[in-house]
Amino acid sequence: MEVQQKREGWDGQAEASLSLTPGSSIPICYHSQFGSHDDLLLLEVDDKLLPDVLGNRVSIRGQPDEDAVLCTLSSTYVMKFVRTSNSVFLIPPGDSIPTMKTTSANGEMSTSVVASAITVAPGNIELIQAAPKLDKLKELLSQKPYNLEEDLHGSSVHKAGLHRWQDLVEMIQASEEEIRAALMSLSAVEVDGYWRIVDDKTMYETLDMILRNSVLHDWQISALSEDCVLSTMEADGFPPWIVSHCLETHGSKVYGSNDTLWRLDEKRVCLRFALRVLSGGKMKLESFMDKWEQSIPSGMKADLKMLEGEVLYDKFGVEEWIRVFSVSTLPSNPANRFAALFRERQKWEWKDLEPYIRDIHVPGLSSEGLLIKYTRRTQPNAEAEPIFSSRYT
């Protein structure tokens, strides 16, 4: 967003009004170009935001069917128009000095500066910091996820439906920092200049092949040599970028004396295998645990705590079942998130609900505030676990 420069022929002597002291006044008159000037809007900006606005480091984003938001490099603000009952005259800056002669009660003549009003503002735009609107990002990237077949068989991919960084900046109502953070949380990766998410099957097959090679070549999964892994996997037909992305998604980088090393994270690896086991649908918990423990790499230990926010448990009589219900598939908007949760279950215990709302961050609203706003809490007695249901049913 560019700061509006002075318009030719709009001299109005705003400087005179800015120098007024409390209790003083200045005469005003209608400017020769006085009118509605609907292209002019007052924007109320606090001291924290003012440097970004004056330095052209903000942008207004939104499609024709969306409410506009103002974004700095790191934050998002809702733009709310507030009408005022008072007459607010807009006086443009200017170098000329209109004057008016007046005669006092004792007959003395005096000259005073006159400010020229160009229009009357019906109100102003307030900025309210808000959570970024990121559901659209998830929707856009989910339309055409990357799969390994594109490279293994040399299949060409039509670019329609793919999005570059600048496309996302223009389409998503969030700051650049917030978009980058969201891309990271989605495990998105830039492929040939386009941002993609990788489908679960491809990610599993890549990780599984890394682990198979670690057994075959006697690699330690706590110290995988990046060069060895990339070259070996490339010989197996896996592009280096997808292998690097898989290592970043399931591990952390460490540095050896002569090589870059990767340490696979137990929780992330076990979670990937758990979701693979559950890909066919819900299972009895006992049967799931057996298959999960058999599938994970040697030396790793399966723990149900690893699956918080990814699965739900259902009891049918004495049997307990487990099924996939991932927080990553839920809306980021708080109202929509709680609506989706209460469609899934009418009542939630706190231990089950907390993993599905811990990632919601609304400026000025705490987790307790979110619960008060969207849920109704019941607790039969002080020792019982609280139960949360929808406030709007």
Side-chain angles (χ1 to χ4, degrees), residues 1-5 14 18 37-86 88 90 92-93 119-141 163-186 188 195 327 330-340 357-374:
M1 185 181 85
E2 295 186 2
V3 176
Q4 183 67 50
Q5 302 298 316
L18 291 175
H37 295 291
D38 295 331
D39 58 331
L40 292 178
L41 291 172
L42 279 180
L43 178 65
E44 184 178 347
V45 180
D46 62 23
D47 292 338
K48 181 180 71 173
L49 273 177
L50 189 58
D52 287 329
V53 174
L54 296 180
N56 292 328
R57 295 189 296 271
V58 299
S59 58
I60 296 175
R61 296 176 185 163
Q63 301 301 310
D65 59 340
E66 297 172 330
D67 294 330
V69 298
L70 182 141
C71 296
T72 65
L73 292 178
S74 60
S75 302
T76 302
Y77 296 83
V78 172
M79 305 180 72
K80 181 180 179 181
F81 184 78
V82 180
R83 291 191 174 275
T84 178
S85 58
N86 298 322
V88 179
L90 300 188
T119 190
V120 177
N124 63 276
I125 296 175
E126 289 184 351
L127 299 178
I128 303 171
Q129 189 171 1
K133 300 181 180 182
L134 297 168
D135 289 337
K136 188 175 182 179
L137 176 64
K138 191 186 307 181
E139 178 185 342
L140 289 174
L141 297 186
H163 306 281
R164 298 184 183 273
W165 169 252
Q166 193 56 41
D167 300 329
L168 299 179
V169 169
E170 293 174 358
M171 298 173 70
I172 306 303
Q173 293 183 293
S175 70
E176 293 189 15
E177 283 188 15
E178 291 166 332
I179 294 174
R180 291 192 185 280
L183 290 171
M184 184 177 297
S185 70
L186 291 170
W195 281 92
V327 65
L330 299 176
S332 60
N333 175 273
N336 295 337
R337 170 75 64 88
F338 278 97
I357 64 171
R358 65 166 67 130
D359 66 317
I360 302 178
H361 301 290
V362 179
L365 193 61
S366 64
S367 297
E368 186 67 25
L370 282 171
L371 292 174
I372 292 173
K373 185 174 182 179
Y374 294 107

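Being a predicted model, the structure only gives us computed values, none of them experimental.
The number of heavy atoms from other shown groups lying within 6.0 Å of CG (D65) is above 12. Annotation for D67: atom CG does not count as buried by contact number, only 12 or fewer foreign heavy atoms lying within 6.0 Å.
Shown here for C71 and Q173, the closest heavy-atom pair between the two residues is SG-C, 4.4 Å. Nearest heavy-atom pair, R337 versus I357, reported as atom, atom and distance to 0.1 Å: NH1-CA, 4.2 Å. Closest non-hydrogen pair, A131 versus P363, comes out as N-CD, 3.6 Å. The nearest pair of heavy atoms linking A174 to T76 is CA-OG1, 3.4 Å.
Using a 4.5 Å heavy-atom threshold, the side chains of I172 and L140 count as touching. In this structure the side chain of N124 never reaches within 4.5 angstrom of the side chain of T84, judged on heavy atoms. M79 places a side-chain heavy atom less than 4.5 Å from the side chain of L127. Between F81 and L41 the shortest side-chain heavy-atom distance falls below 4.5 Å. Side-chain contact between L183 and L137 is present, with heavy atoms from C-beta onward closer than 4.5 Å.
Listed for the D52 side chain is no donor-acceptor partner under 3.5 Å among the backbone atoms of R57. No donor-acceptor pair under 3.5 Å is formed between the side chain of K373 and the backbone N or O of A335.
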Between E66 and K133, is the salt bridge (charged side-chain N to carboxylate O under 4.0 Å, His left out) condition met? List the steps. CA-CA 11 Å; E66 297 172 330; K133 300 181 180 182; over 6 Å; no
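Atoms OH and CG, from Y374 and L365 in turn, are 7.5 Å apart once rounded to the nearest 0.5 Å. A distance of 7.5 Å separates CD of E178 from OG1 of T72, quoted to the nearest 0.5 Å. Rounding to the nearest 0.5 Å places CD of Q129 at 5.0 Å from NZ of K48. Separation of atoms CD1 (I179) and CG (L134) is listed at 7.5 Å; rounding is to 0.5 Å. To the nearest 0.5 angstrom, L70 atom CG is 9.0 Å from R61 atom CZ. Separating the CZ atom in R180 from the CE atom in M184 is a distance of 9.5 Å, to the nearest 0.5 Å.
Legend: residues meeting side chain to side chain donor-acceptor pair (under 3.5 Å) with R164, ordered by chain and number and at least two apart, are Y194.
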